[in-house]
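Numbering starts at 1 and runs along the sequence shown. FYI, side chains are in, hydrogens and waters are out, and symmetry mates aren't considered; it's all heavy atoms of this structure.
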Amino acid sequence: LSDWSSDVCSSDLKGKKVLILGFGREGQSTYKFLEEGFGGFSLGVADINKPGFAFPREVNLHFGEGYLESIYEYDVIIKSPGVSLKDVKLPKGEITCQTDLFLRFFPKTVIGVTGTKGKSTTSALISHILTNCNVKNTLLGNIGIPPLSRFLDCEGICVMEISSHQLEFVKKSPNIAVLLNIYPEHLDHYKSYDHYKFAKHNIFKYQNEDDVIIYNSDCEDIDKGLISAAKSKKVAFSYKNEADIYIKDGFAYILGEKISLDEINLKIKGRHNLYNALVALCACRFAGVSIYDAVLVLDTFSGLPHRLYYCGKIDGVEYYNDSISTIPQTAICAVEALGHVDTIIVGGMDRGVDLSPLVVFLQNSGVKNVIAMPDTGYKITKALRENGADINLYDTKDLKEAVDLAKKVTPKGGVCLFSPASASYGFFKNFEDRGDAFMRYLYD
């Protein structure tokens, strides 16, 4: 592994003009990685913002509003996930990314997890199971660790959370792939929803006969024709029907093995998280771990921040932080997971996602108070008013006002849920920043 960076530089990049497109956390790690094997090719860096970064070698720099024009000058473009190419004509040069390079050259087993929602929890849970069953592994990817930053010291199996942005230009799929679901999301990044779905399907599209795809057979937007055409072994999970992974009459079934639900002790709430756990058990089974051994360590997994996280009880009210919620379906799942919610705080950046499923759900959910923030929150309360919903509806100017109001209107002994059902951008740096702000305002 120690010679990999120089090997890829000499074999794939020799004599070529290479551009790192986007110079945030992942772009900078790409540069540092390539610098170790630097030689035989010229390098450029492009980003809308000029970074405070000292380049020790000669690098062609393209910064400012016209930075995307540089893509036509290079043979290979290593694109960072945050850069969208939806409004530009694609260049003749090869477009790749860190995830693609990692998957093409990493010599050990990779478990890759994607899905509109649930991929972080499922990836972390797989890594947790492997670790506690004494299987060396490294968790990286969209969970916050750029793949190439850990390539040279990646121990054992690689567990990789992979976003649609990271899958968009890959030409290699993980050995064990998990596709949890596909819902309308990131419509601001892609030319259409079909382009977003196309990216997600790359998680299994390049697998071979020795590989495995674990997928949600209930999800209408997962292309079952592409699944059938895949060379890999197919493992379906279903919330509704008998499948390779399913639940029936108090038992979970995984590849023919039967486990009482009483034996599956999860700290994280919700039926969706129970299925995430079953999928994680199955993925670990293909990695050589006994399902029964894996079940025994589930109760030590506490979940991840900002994902239906229990904040505690304040003045008799229980608060939950679900800032990860960026689409209506996740807010619905959060309410269903808690079973009873008195107040929900919703709203964020409007990316054109259909909010009607959440509106219809809230009308019959038993939620007493809906507190809306701009921009999408106002659309939700407007629709609820027009539908004559028997719910207290409040429009607030920002998250601080929403939290202060929630403290006033949520009854003692009740539950308040922060599940925005919308993106954080335009108001916060990311969902973590938004969730941290919620926690600060909660304890002010």
N/O donor-acceptor pair under 3.5 Å between Gln166 side chain and Ser163 backbone: yes
Whether Ser80 side chain and Val83 backbone form a donor-acceptor pair below 3.5 Å: no
First locate atom NZ of Lys117, then atom CD1 of Ile182, and finally report the distance between them rounded to the nearest 0.5 Å. 14.0 Å
Distance under 6.0 Å and angle within 45° of ring axis: Lys205 vs Phe198: yes
Parallel, tilted or perpendicular: rings of Phe102 and Phe106 (30°, 60°): parallel
Criterion side chain to side chain donor-acceptor pair (under 3.5 Å) on Asp211 and Ser232, from CA distance to verdict: CA-CA 5 Å; Asp211 298 330; Ser232 49; over 6 Å; no
Look only at the side chain of Asn181 and the backbone of Thr116, and say whether a donor-acceptor pair between them is shorter than 3.5 Å. yes
Can a donor-acceptor pair be found, under 3.5 Å and without considering hydrogens, that links the side chain of Asp47 to the backbone of Phe23? yes
side-chain contact (heavy atoms from CB on, under 4.5 Å) with Leu362: which of Val341, Thr381, Ile332, Val370? Val370
Tell me whether Thr114 contacts the main-chain N or O of Ile162 through its side chain, where contact means a donor paired with an acceptor under 3.5 Å. yes
Heavy-atom side-chain contact between Tyr319 and Met439 under 4.5 Å: no
Measure the spacing between CG of Asp436 and CG of Asn430 and express it to the nearest 0.5 Å. 8.5 Å
Can you tell me if Asp433 and Ser424 form a side-chain donor-acceptor pair at under 3.5 Å? no
Is Thr122 reaching over with its side chain to a backbone N or O of Lys119, donor-acceptor style, under 3.5 angstrom? no
Look at the side chain of Asp218 and the backbone N and O of Tyr239, then say whether any donor-acceptor pair between them is shorter than 3.5 Å. yes
ring-ring contact (aromatic ring centres under 6.0 Å, His included), that's the test. Do Tyr190 and His165 meet it? Break it down for me. CA-CA 9 Å; Tyr190 296 93; His165 303 344; 5.6 Å; yes
Given Ser323, which of His306, Arg307, Arg434 fulfils the side-chain hydrogen bond (donor to acceptor under 3.5 Å, both in side chains) condition? Arg434
Determine the interplanar angle of the Tyr275 and Phe237 rings, folded into 0 to 90°, and report it as parallel if under 30°, tilted if 30 to 60°, perpendicular if over 60°. tilted
Classify the ring geometry of His62 against Tyr74: parallel below 30°, tilted from 30° to 60°, perpendicular beyond 60°. perpendicular
Backbone of Ile145 reached by a side-chain donor or acceptor of Ser149 within 3.5 Å: no
Exceeds 12 heavy-atom contacts within 6.0 angstrom, atom CD of Glu69: no
N-O pairing of Lys248 and Glu242 below 4.0 Å: yes
Assert yes or no for the condition that the ring centre distance of Tyr215 to Phe204 is strictly below 6.0 Å. no
Is the backbone of Leu255 close enough, under 3.5 Å, to the side chain of Asp244 for a donor and an acceptor to pair up by distance? no
Hydrogens and angles aside, do Thr300 and His128 bring a side-chain donor and acceptor to less than 3.5 Å of each other? yes
Under 3.5 Å: donor-acceptor pair, side chain of Asp350, backbone of Gly348: no
